Number of protein chains: 2
Amino acid sequence: MVKQMLNQNAQQLDHVFRALADANRRAIIDQLSRGPASVSELARPLGVTLAAVVQHLQVLEQGGLVRSEKVGRVRTCHIESSGLDAARDWLGERRALWERRLDRLGEVLAEQKQEKVKKRKRDE
Amino acid sequence: MVKQMLNQNAQQLDHVFRALADANRRAIIDQLSRGPASVSELARPLGVTLAAVVQHLQVLEQGGLVRSEKVGRVRTCHIESSGLDAARDWLGERRALWERRLDRLGEVLAEQKQEKVKKRKRDE
DNA sequence: ATGATACTTAAGTGACGGCTTGACTATCGT
DNA sequence: ACGATAGTCAAGCCGTCACTTAAGTATCAT
């Protein structure tokens with residue numbers, strides 16, 4: 001059950017990071033982080049087809065980075081936090097582990113240094 | 001020149017996020033964030049060939065997430081901060097923009113509410 | 001009702017990604 | 001010197017990706 005959770009988590013992260021790994025998709029997030037937009041508004045600055053944008057949006061929605069509703073004939077898109085959170089959390093966790101290790105390493109080195117100092121003093 | 005910087009930045013982000021978009025590569029980072037390891041040590045828990053790990057390492061190094069030196073016949077790998085920083089910074093910036101917008105939206109809504117209250121008071 | 005707008009869907013294409021195998025090199029222990 | 005260990009390189013396989021075109025559907029304005 002824990003494994004199941006990890007797998008789901010892993011898949012979620014796959015989707016998030018994959019979604020972020022494309023410049024056009026990041027540009028879409030960029031624009032949406034400044035305010036909601038329709039599909040055509042998103043397509044205009046990118047210089048690609050509407051169809052391409054729709055495909056990007058599918059990837060972004062799967063990653064939990066964007067949400068959208070259609071009212072009438074226009075679909076309005078906006079940022080979703082959950083994907084960004086998942087990415088940020090994962091990054092933060094690894095970083096914490098890694099920095100804690102560097103701290104411990106620093107302590108060990110400092111202790112070794114101290115040992116040397118003591119030794120030197122003893123030898124004087 | 002600004003554009004050049006943006007392009008380089010974009011390429012860097014492409015590499016970082018692409019590197020993170022694979023479960024095996026994230027597992028490698030996971031292990032390395034707990035301490036340095038050789039290529040074979042990284043391969044063992046993954047159940048893939050050494051060759052595959054070497055390829056993952058190339059991607060990770062390109063993304064600035066891992067560094068490695070070879071001494072004798074063993075290559076020792078450890079985490080690099082620059083890739084993680086780039087990813088974290090980008091995420092943070094979009095998030096800030098987006099939250100600021102939500103704040104402004106909140107203010108606008110609050111002001112509108114206030115207007116209504118004033119109006120009601122005036123009408124009493 | 002008709003034309004224009006705003007998507008949506010399906011199919012195809014060329015490039016790239018992750019992985020393997022197999023042959024090779026360099027280094028270590030004895 | 002010898003076999004075992006640790007990694008490297010090249011080729012190939014198959015699936016996925018980003019994108020396009022082409023043909024739809026639904027909605028809006030007149």
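What you are looking at is a predicted structure, and each value in this text was computed from that prediction instead of being measured.
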Donor-acceptor pair, distance only, cut-off 3.5 Å: does the side chain of [X] make one with the backbone of [Y]?
X	Y	answer
S38(A)	E41(A)	yes
R25(A)	A19(A)	yes
R26(B)	L20(B)	yes

Considering just the side-chain nitrogens and oxygens of [X], establish if one lies under 4.0 Å of OP1 or OP2 belonging to [N].
X	N	answer
R75(B)	dT8(D)	yes
T49(A)	dC19(D)	no
K70(A)	dT27(D)	no

In the single-linkage hydrophobic clustering (I, L, V, M, F, W, Y; side-chain heavy atoms under 4.5 Å), do [X] and [Y] co-cluster?
X	Y	answer
V53(B)	V74(B)	no
V48(B)	L57(B)	yes
W90(B)	L97(B)	no
F17(A)	V59(A)	no

Length of the [atom1]-[atom2] vector between [X] and [N], whole Å:
X	N	atom1	atom2	answer
R18(A)	dG15(D)	CZ	P	17 Å
D14(B)	dG17(C)	CG	P	11 Å
L50(A)	dA22(D)	CG	C1'	14 Å
E69(A)	dT27(D)	CD	P	16 Å

Give the residues of residues 51-59 of chain A touching DNA chain D, defined as any heavy atom closer than 4.0 Å, sorted by residue number. A51(A), A52(A), Q55(A), H56(A)

Heavy atom of residues 20-39 of chain A under 4.0 Å from DNA chain D: which residues? D22(A), N24(A), R25(A)

Indicate yes or no: at least one non-hydrogen side-chain atom of E61(A) is less than 4.5 angstrom from one of E80(A). no

Are the side chains of R101(B) and P36(A) in touch, meaning some heavy atoms are under 4.5 Å apart? yes

Exercise: identify the closest heavy-atom pair between S33(A) and R94(B): CB-O, 3.8 Å

Set out, line by line, the N/O atom pairs under 3.5 Å between protein and nucleotides 26-30 of chain C.
residue : atom : partner : partner atom : Å
dT27(C) : O2   : R73(B)  : NH1          : 3.1
dC28(C) : O4'  : R73(B)  : NE           : 3.4
dC28(C) : O4'  : R73(B)  : NH2          : 3.3

By the definition side chain to side chain contact (heavy atoms under 4.5 Å, CB included), identify the one residue from L65(A), L42(A), D22(A) that meets it with I28(A). L42(A)

